[in-house]
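Report on the following structure.
Letters go in sequence order (proteins before strands), and every chain restarts at 1.
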There are 2 protein chains.
Amino acid sequence: MPGRRKSDFSLRSVPVAMMPGERFAEFLRAGGKRLTSQRRWIVEQVFSHHDHFDADELMGHLAELISQRKLSRATVYRTLNELVEAGLLRKMTLGGRSVYEHEYGYPSHDHLYCQSCNRLIEFHSVALERLRDAVAREHDFQVLSHRMFITGYCAICRRAGGE
Amino acid sequence: MPGRRKSDFSLRSVPVAMMPGERFAEFLRAGGKRLTSQRRWIVEQVFSHHDHFDADELMGHLAELISQRKLSRATVYRTLNELVEAGLLRKMTLGGRSVYEHEYGYPSHDHLYCQSCNRLIEFHSVALERLRDAVAREHDFQVLSHRMFITGYCAICRRAGGE
DNA sequence: CTACTTGCAAATCATTTGCAGATGA
DNA sequence: TCATCTGCAAATGATTTGCAAGTAG
């Protein structure tokens, strides 16, 4: 049963019917938008590995194309927004800048943020989701999504001493 | 917010040794900073009632002083930062802008955010804190703080139909 | 063809900062 | 006194947008 809706939080891994690139192409087609090489380069880079990144880091990986003037800063920002609209990326704000991560094809999760090394560590907790729903029920609140963010020091930095 | 369980109710107010104003004066003194009338006006306005606000809303309340040029935009921003440093206010980011709320003299809590009316509803859950600590322990992570943010539709907007 | 896209540069927007005059301790 | 403030205006920095030229369908 492919093609799950994005409000499904219950699975450790999410089966997907299409690769991110196809899925994006579909999104564009549906909106009368075009599949350009710029958009293709960006999607390819973004989904080449799973981690958190901001616009600048992404542009760092695309530096070649940018310096050749085949891709511009503006287009990167525009495409990032489209990827979020398309449900392929999730955007969060961390220290003033926007940070993105894969949303499509990955299970939902929350984060531990190490204040020392700035690492984001993912975790998933069914109990947290249950708790969220219980709180929402108590307030007659209809949940669309949630975000749990725990700040502190990660195992590595703790061992590295101090702080 | 009446009508809650005892366990929650007992945490609704936190006894403090000083009023926010005194506490801020203390903070300033300790840092060799001065208690000016501008800082006094801002603290007084900020703690005159408990709610969430951003820099612009605050300046709306201080419009009189600002138009008389006894207080400037820059000073409001500078003082807001000092209040956060002093531990009197907590800052969060919501839709690109900074939103503040009382931290001193107020129990810790998390938020339900209504996407329709933009209201922030506070809640406190001991179970959430326990869960947070359990997750952290599992990752050998030292917790400093956390933030849980649930997005959706509040009771009022749900009743009012649709979006 | 031609409507959607792009690169470029200029524009935003909230927030910050440099400076010279003002002021609290 | 005099180091710390303040208002002002200009500077930031990330992100967005207007526009004329480029290009997918």
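Contact check, B/Ser72 against D/dC8: no side-chain N or O comes under 4.0 Å of OP1 or OP2.
The aromatic ring centroids of A/His111 and A/Phe123 lie 6.0 Å or more from each other.
For the residue pair B/His109/B/Glu101, the side-chain donor-acceptor check at 3.5 Å is satisfied.
A/Leu71 has its CG atom 16 Å from the C1' atom of D/dT23, to the nearest Å. The CZ-C1' distance, from B/Arg78 to D/dT12, rounds to 15 Å in whole Å. The nearest whole Å value for the distance from the CE atom in A/Met92 to the P atom in D/dA14 is 18 Å. Between the CZ atom of A/Arg69 and the P atom of D/dG22 there is a distance of 14 Å, given to the nearest Å.
Two residues are said to be in side-chain contact when any heavy atoms from C-beta on lie closer than 4.5 Å; A/Val46 and A/His61 fail this criterion. Annotation: side chain of B/Tyr106 is in contact with side chain of B/His50 (closest heavy-atom distance under 4.5 Å). Annotation: side chain of A/Leu80 is in contact with side chain of A/Leu58 (closest heavy-atom distance under 4.5 Å).
Summarising the local packing, CE of B/Met19 is surrounded by 12 or fewer heavy atoms from other residues, nucleotides or ligands at distances under 6.0 Å.
Only one option out of A/Arg39, A/Arg23, A/Lys91, A/Arg34 pairs with A/Glu82 in a salt bridge (charged side-chain N to carboxylate O under 4.0 Å, His left out); it is A/Arg39.
Once you apply a 4.0 Å limit to the heavy atoms of chain A, the touched nucleotides of DNA chain C run 5' to 3' over C/dA3 to C/dC8.
Nearer to the 5' terminus of DNA chain D, by closest-nucleotide assignment, is the contact made by B/Arg73 (compared with the other of B/Arg73 and A/Tyr100).
Residues from residues 29-61 of chain A that place a heavy atom under 4.0 Å from any atom of DNA chain C, listed by number: A/Gly32, A/Lys33, A/Arg34, A/Thr36, A/Gln38, A/Arg39.
For the pair A/Asp110 and A/Arg132, the salt-bridge criterion is not met [side-chain N within less than 4.0 Å of a carboxylate O].
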